[in-house]
Amino acid sequence: MTQSTPAAYQGPMRVVSGVQASGALHLGNYLGALRKFVPLQDEAQCFIFVADLHAITVWQDPAILAAQTREVAAAYIACGLDPKRAVIFPQSAVRAHLDLAWIFNCVARIGWLDRMTQFKEKSGKHKERESVGLYTYPVLQAADILVYQATHVPVGEDQKQHLELTRDIAAKFNNDFGAPGFFPLTEALIEGPGARIMSLRDGRSKMSKSDPSDYSRINLLDDADTVAQKVRKARTDPEPLPETVEGLAERPEADNLVGIYAALSGQAKAEVLARYAGQGFGTFKPALADLAVAVLGPIGTEMRRLIGDPAELDRILLDGARRAAETAEPVVEATKRLVGFWQAEV
Ligand code: TYM
């Protein structure tokens, strides 16, 4: 029996994104990703998962991995995702991601992965000691996205290169297997203030879960006093705030704090400077701390409530995994047919 070539994807806008289940979520995750998911659920089918398969590319304590997975799901919901509309699930619960990842491992080229800057940063001088999973990580990410034939992926700026790789894999697969448009050329949604939030200790490095100093980041579960203390201790320079955005050019820490204020308040940096120009950090930092507490406080409270009800979270995650598989499995089946895998002809 010969199979006809599946049609190019022409369905509705589909959004996919994920956050790793590797410990405390921070302000960078919120401003660069989580916050962007919420309005998209009104206009698109959203598949938002907890990336636990990606998390184990570096060591995760088995005793707490499931709790970390629930914590990310709690953050999604606390930020405003509605589990009835958006499909929320753990990545490892939908095996179609892995089925497609293997096929994509055979499509992606080693040269493409060798260019991935995030692997270079994470592996440092000792790449031979890292897991193979850390190296092929972006291929799994491409599978996460394309197994839903996603049209759009909201992420922070650090994921830009992984999204470019996803498009390269889609294009090569479609071309190699004679299926134009089967995998869409997914667009990254990165723009906007908050796409790259920097460390509070060093305005030239990204705010990150893996930074050893907890003072480098504001966690979504930090209480109000901790948030205020971290903002107060954030590194700055002695100058007052400038009048224009250009005046922030050589001042990475000041630029970052103004950027955070802008992203949290929904204003442009210029508007923030119009209000605070000429003032020192003694005035600006308390205002920023108040704003951060006002925005993050209710999210933290709701997260804690949800984390306290793991049965409810599990019901949501199970239901999400079932709905996600319904969309993903037919895509994997069609992909396997294109590759030419055996199928019983009876
Ligand atoms: P992860 O878990 O490192 O980060 C989750 C999201 O948060 C964004 N982000 C930031 N945005 C602004 N400033 C920061 N300092 C900052 N730090 C993190 C990230 O860009 C990301 O959007 N590989 C992904 C997870 C993933 C995924 C996917 C994402 C797996 N498969 C498929 C989208 C689609 C990651 O490690 O994100």
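Both ligands and their constituent atoms are indexed starting at 1 by order of listing.
Of the charged side-chain nitrogens involved, at least one lies within less than 4.0 Å of a carboxylate oxygen, so that Lys230 and Asp214 count as a salt-bridged pair. For the pair Arg85 and Asp42, the salt-bridge criterion is met [side-chain N within less than 4.0 Å of a carboxylate O]. One finds a salt bridge joining Lys172 and Asp176 here, because a Lys/Arg side-chain nitrogen approaches an Asp/Glu carboxylate oxygen to under 4.0 Å.
Side-chain contact annotation: Gln60 with Ser22, donor-acceptor N/O pair under 3.5 Å absent. Judged purely by distance below 3.5 Å, without hydrogens or angles, the side chains of Asp211 and Ser208 never pair a donor atom with an acceptor atom. Looking at Gln141 and His162, their side chains do bring a donor and an acceptor atom within 3.5 Å of each other. Under 3.5 Å, the side chains of Gln229 and Tyr215 contain a donor-acceptor pair of N or O atoms. Judged purely by distance below 3.5 Å, without hydrogens or angles, the side chains of Asp114 and Tyr135 pair a donor atom with an acceptor atom. Judged purely by distance below 3.5 Å, without hydrogens or angles, the side chains of Gln41 and Asp82 never pair a donor atom with an acceptor atom. Side-chain contact annotation: Asp144 with His97, donor-acceptor N/O pair under 3.5 Å present.
Ranking protein heavy atoms by distance to atom 17 (N) of ligand 1, first place goes to His26 CE1, 3.6 Å. For atom 36 (O) of ligand 1, the nearest non-hydrogen atom of the protein is Tyr137 OH, 2.5 Å. Scanning all protein heavy atoms for the shortest distance to atom 18 (C) of ligand 1 gives Asn29 ND2, 3.3 Å. From the protein, the heavy atom lying nearest to atom 15 (N) of ligand 1 is Ile197 O, 2.8 Å. Counting only heavy atoms of the protein, atom 10 (C) of ligand 1 lies nearest to Gly28 O, 3.4 Å. With respect to atom 22 (O) of ligand 1, the closest heavy atom belonging to the protein is Gly156 N, 3.2 Å. Annotation: atom 19 (C) of ligand 1 to nearest protein heavy atom, Asp158 OD1, 3.3 Å. Atom 37 (O) of ligand 1 has its closest protein heavy atom at Gln159 NE2, 3.9 Å.
Using a 4.0 Å cut-off between heavy atoms, Phe49 contacts ligand 1 through its side chain alone, with no backbone atom that close. Residue contacts with ligand 1 for Leu34 are absent, since no atom lies close enough (heavy atoms, distance under 4.0 Å). Both the backbone and the side chain of Val19 come within 4.0 Å of ligand 1, judged by heavy-atom distances. By the criterion of a heavy-atom distance under 4.0 Å, both the backbone and the side chain of Ser17 are placed next to ligand 1.
Looking only at distances, a side-chain donor or acceptor of Gln91 sits under 3.5 Å from a matching main-chain atom of Leu53. With Gln45 contributing its side chain and Arg14 its backbone, the two residues share no donor-acceptor pair below 3.5 Å.
Ring geometry for Phe284 versus Phe281: interplanar angle over 60°, hence perpendicular rather than tilted (30 to 60°).
Heavy-atom proximity to Lys209, at under 4.0 Å, picks out these atoms of ligand 1: 2 (O). Listed by number with element, the atoms of ligand 1 under 4.0 Å from a non-hydrogen atom of Val153 are 33 (C), 34 (C). For ligand 1, the atoms sitting less than 4.0 Å from at least one non-hydrogen atom of Gly32 are 11 (N), 12 (C), numbered in the order shown with element in parentheses. Listed by number with element, the atoms of ligand 1 under 4.0 angstrom from any heavy atom of Gly194 are 12 (C). Listed by number with element, the atoms of ligand 1 under 4.0 Å from a non-hydrogen atom of Ala33 are 6 (C), 7 (O), 22 (O). For ligand 1, the atoms sitting less than 4.0 Å from at least one non-hydrogen atom of Lys206 are 15 (N), numbered in the order shown with element in parentheses.
For ligand 1, none of its N or O atoms has an N or O atom of Ala51 under 3.5 Å away. Residue Gln141 has at least one nitrogen or oxygen atom sitting less than 3.5 Å from a nitrogen or oxygen atom of ligand 1, judged on distance alone.
The heavy atom nearest to atom 1 (P) of ligand 1, out of those in Gln20, His162, Arg196, Lys122, is found in Gln20. The heavy atom nearest to atom 12 (C) of ligand 1, out of those in Ser208, Ala195, Gly18, Ala142, is found in Ala195.
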